[in-house]
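Taking it in order: structure first as structure tokens, then the write-up.
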Amino acid sequence: MENDVRVRFAPSPTGYLHIGNARTALFNWLFARHNRGKFILRIEDTDRERSTRESEQIVLKSLKWLGINWDEGPGVDGDYGPYRQSERWGIYRDYAEKLLDDQLAYRCYCLPEELEETRKSCLARGKMPKYDGRCRELTRKERTRFENEGRIPTIRFEVREGRVVVNDSLRGEIVFESDTIGDFIIIRSDGTAAYNFAVVIDDFLMKISHVIRGEDHLSNTPRQILLYRAFNFALPQFLHHSLILGPDKTKLSKRHGVTSVEQFKNSGFLSDAVVNYLSFLGGALGEGGEIFSPEEIVDRFSIEQVGKSAAIFDFEKLKWMNKAHINRLELNELTGLIIPFIEKAGYHTTDKKIGWLTDVVDLTRERLRTLDQIGEEVGIFFQEESEFGPDAVEVLKNEGVLNLLELLKQEINIEQDIPEESYRNIMLRIKKKTKLKGKSLFMPVRVVLTGRTKGPEMEKIFPLMEKEAVLKRIDMGLKLLAR
RNA sequence: GGUCCCAUCGUCUAGCGGUUAGGAUAUCGGCCUCUCACGCCGAAGACACGGGUUCGAUCCCCGUUGGGACUACCA
């Protein structure tokens, strides 16, 4: 197998991990694992204003939760570090210096306000805003004058006439004319490297073989290719995948609801389901099935198969997938994951036997689409009393229910305990005495014991309930009927 | 405005010149069942439009329309 496959995910730590970025990370990771290559995590924190260590931690945590592990990066030493751009400024400086020496870049003394003004006037005249290159040919005299004014220069890359062809493994050759690009800043006035510059230096130095990223970077690529050329660096293979859109076909953002990986976790999605959905969206898993484990996905994943068009994020399908994964998961593992959600619903699990808990989870799991729905499913086991909803009251008001409940109470009192077999026996005896059967027999029992008309099989619920609770609930039902 | 990308059921997609345009999800019926959920069966639902090329276009080319991305001393 090819072993020189090296890909990277390069988030900027300016907030939580967006689900769309998570998909990019996942694509890179899957590509690396599928091809037995290396997955590198690089933190792009050159924007000192917005980058924080807190967000970096959140991003790392989200990646870990998704099961995306890195071979090199923060916390994992490699031969090409450091892996935080803020720790690499000296490297960028040196390379920028080289460009300056070769006269491929120049110092620009324009002030941000001045640039903003020309930009605005360009826009006003319906022209493309582009740096006019006015600092390209400054004389020594002009330069010292600017410096005496206290202006601190940026370094701009000089874009010359010609065309740039981006070879994208998904979209083929895309041609850009250089004159639409304009000289761009590679070193800011504060000495830090700008994105397009740092990326190129790092991708080269870190021996990145494939650059897999979102379509939003496609128009940056010609700039980067120009830099590759200036340094005589060999080009990596580029691939720009399409973006995820919200239901209104605009870029998925907060106003569409849940967008951060952290939120998906907190609202009860399984990482396996999120991974499954993100990799499935776009068609990279091929035909023949949709529900897969991470291992199966690594095996099936083929980046060349992803669609070129943007895909709308369908929460409904994700939920369906989540449900499928909930039911696939090993029971003990599921129980461990679901306990925090039971606690969150206000029920205490610490004083419960683990065997009882797993039984409860086993019984309720197949109705869950998300883990946080466990609260409403599990109330019947944790609450002392039944709460009768309108539909429940309706059932209790049926003819013969009063008699049925009294019989039920008697029968339960006769039984010493509530063992496995009890329920069957009790119901059998009541059936004989009341001549009731089917729905008219079982539904009132369900309703009085759980307060609901829906739920798991009564035969399985019954052994998990305390005898006192059962009696108390029957009394509540009787009381309701007495009124 | 400019540059670039994209276009099959509501949604995700299969299709790679000749198909009753297939599947999944969601929706609606039915079966199963004490109920819900699962499962099974069924229904409805798409090639954006207009030109070419061709014996023949969902498929290839061009245009129109629509959507998206970028257009920063953000990444």
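Here the separation of rA26(B) from rU53(B), taken at their C1' atoms, is 40 Å to the nearest Å. The separation of rA57(B) from rG52(B), taken at their C1' atoms, amounts to 12 Å, rounded to a whole angstrom. Straight-line distance between the P atoms of rU64(B) and rU3(B): roughly 12 Å, to the nearest whole Å. Using P as the reference atom, rA48(B) and rG42(B) are 28 Å apart when rounded to the nearest Å. Distance check on atom C1': rA7(B) versus rC47(B) gives 10 Å, rounded to whole Å. Of the P atoms belonging to rA37(B) and rC31(B), the separation is 14 Å, rounded to the nearest Å. Rounded to whole Å, the separation between the P atoms of rU65(B) and rC49(B) comes to 16 Å. When the C1' atom is compared between rA24(B) and rA46(B), the two are found 15 Å apart, to the nearest whole Å.
Across all strands shown, rA57(B) forms no Watson-Crick or G-U wobble pair with both key distances under 3.5 Å. The partner of rA14(B), taking Watson-Crick or G-U wobble pairs whose two distances both stay under 3.5 Å, does not exist in any strand shown. Summarising the base pairing, rU19(B) is matched to no nucleotide, lacking a Watson-Crick or G-U wobble pair whose two defining distances lie under 3.5 Å. The nucleotide rC40(B) finds its pairing partner in rG30(B), both defining distances of the Watson-Crick or G-U wobble pair being shorter than 3.5 Å. In this structure, rA46(B) makes no Watson-Crick or G-U wobble pair, since no nucleotide meets both defining distances under 3.5 angstrom.
The side chain of E457(A) lies closest to rU35(B) when the candidates are rC5(B), rA26(B), rU35(B). Side chain of T46(A), nearest nucleotide from rA75(B), rU25(B), rA37(B): rA75(B). Listed nucleotides rU13(B), rG10(B), rC5(B) differ in distance to D314(A); the shortest reach to its side chain belongs to rG10(B). Here the nucleotide nearest the side chain of L281(A), chosen from rC73(B), rC12(B), rC70(B), is rC12(B). Distance from the side chain of R367(A) is smallest to rC36(B) among rC6(B), rA72(B), rC36(B). Distances from the side chain of F176(A) to the nucleotides rU3(B), rC73(B), rU13(B) place rU3(B) closest. For P112(A), the listed nucleotide lying nearest its side chain is rC73(B); candidates were rC73(B), rC34(B), rG68(B). Listed nucleotides: rA7(B), rC73(B), rC12(B). Nearest to the side chain of I312(A): rC12(B). Of the candidate nucleotides rC34(B), rC6(B), rC73(B), rC6(B) has the atom nearest to the side chain of K308(A). Here rG23(B) is the nucleotide among rA37(B), rA69(B), rG23(B) with the atom lying nearest to any side-chain atom of E290(A).
Contacts with RNA chain B (heavy atom under 4.0 Å) in residues 162-171 of chain A: R171(A), listed by number.
Atom pair E173(A):CD and rC4(B):P shows a separation of 15 Å (rounding to whole Å applied). Across the protein-nucleic acid pair, E215(A) atom CD and rG67(B) atom C1' stand 11 Å apart, rounded to whole Å. Taking atom CZ on R424(A) and atom P on rC34(B), their separation rounds to 11 Å, with Å as the unit. The interatomic distance linking Y277(A) (OH) with rA24(B) (P) rounds to 17 Å, in whole Å. A straight line from CZ of R88(A) to P of rA75(B) spans 16 Å, rounded to a whole angstrom. We find that NZ of K323(A) is positioned 5 Å from P of rC38(B), with the value rounded to whole Å. The separation between R8(A) atom CZ and rA75(B) atom C1' is 11 Å, rounded to whole Å.
Nucleic acid contact for L243(A): sugar-phosphate only, since backbone atoms but no base atoms lie under 4.0 Å from a heavy atom of the residue. C110(A) comes within contact range of at least one nucleobase, with a heavy-atom separation under 4.0 Å. H240(A) comes within contact range of no nucleotide atom at all, as no heavy-atom separation falls under 4.0 Å. Counting any heavy atom pair closer than 4.0 Å across all strands shown, V445(A) reaches no nucleic acid atom. Residue S242(A) is classed as having no contact, given no heavy-atom separation below 4.0 Å to the nucleic acid. Among the protein residues, F313(A) comes within range of no part of the nucleic acid, since none of its heavy atoms lies under 4.0 Å from any strand. Base engagement by E287(A) is indicated by at least one non-hydrogen atom pair under 4.0 Å involving a base atom. G182(A) comes within 4.0 angstrom of no nucleic acid atom, judged by non-hydrogen atoms across all strands. Note on K317(A): a base of the nucleic acid sits closer than 4.0 angstrom, heavy atoms only. If you check every strand for non-hydrogen atoms under 4.0 Å, T14(A) touches nothing.
For the OP1/OP2 pair of rA75(B) and a distance below 4.0 Å, the side-chain nitrogens and oxygens of R50(A) include no atom meeting the criterion. A sub-4.0 Å separation between OP1 or OP2 of rA72(B) and a side-chain N or O of K130(A) is absent.
Here the options are V258(A), L252(A), L318(A), the test is side chain to side chain contact (heavy atoms under 4.5 Å, CB included), and the partner is I19(A); only L252(A) passes. Under the side chain to side chain donor-acceptor pair (under 3.5 Å) rule, Y195(A) has a single partner from H217(A), Q85(A), E44(A), which is H217(A).
Note: F280(A) and Y277(A) have tilted aromatic rings, judged against thresholds of 30 and 60 degrees for the angle between ring planes.
Remark: the K454(A) side chain and the rA37(B) base include no donor-acceptor N/O pair separated by less than 3.5 Å. No hydrogens or angles were tested; on distance alone, a donor-acceptor pair under 3.5 Å links the side chain of N220(A) to the base of rA75(B). The base of rC4(B) is not paired with the side chain of S219(A) by any donor and acceptor separated by under 3.5 Å.
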Side-chain donor-acceptor pairs under 3.5 Å in residues 89-96 of chain A, sequence neighbours left out?
from	atom 1	to	atom 2	distance (Å)
Y92(A)	OH	D202(A)	OD1	3.1
Y92(A)	OH	D202(A)	OD2	2.6

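A salt bridge between K130(A) and D179(A) is absent, with no side-chain N of the basic residue lying under 4.0 Å from a carboxylate O of the acidic one. For the pair E114(A) and R151(A), the salt-bridge criterion is met [side-chain N within less than 4.0 Å of a carboxylate O]. The pair R328(A)-E296(A) meets the salt-bridge criterion, with a side-chain N (NZ, NE, NH1 or NH2) lying under 4.0 Å from an Asp/Glu carboxylate O.
The neighbour count for E49(A) CD, taken as heavy atoms of other residues, nucleotides or ligands under 6.0 Å away, does not exceed 12.
Between the side chain of R136(A) and the main chain of E158(A), no donor-acceptor pair closer than 3.5 Å is present.
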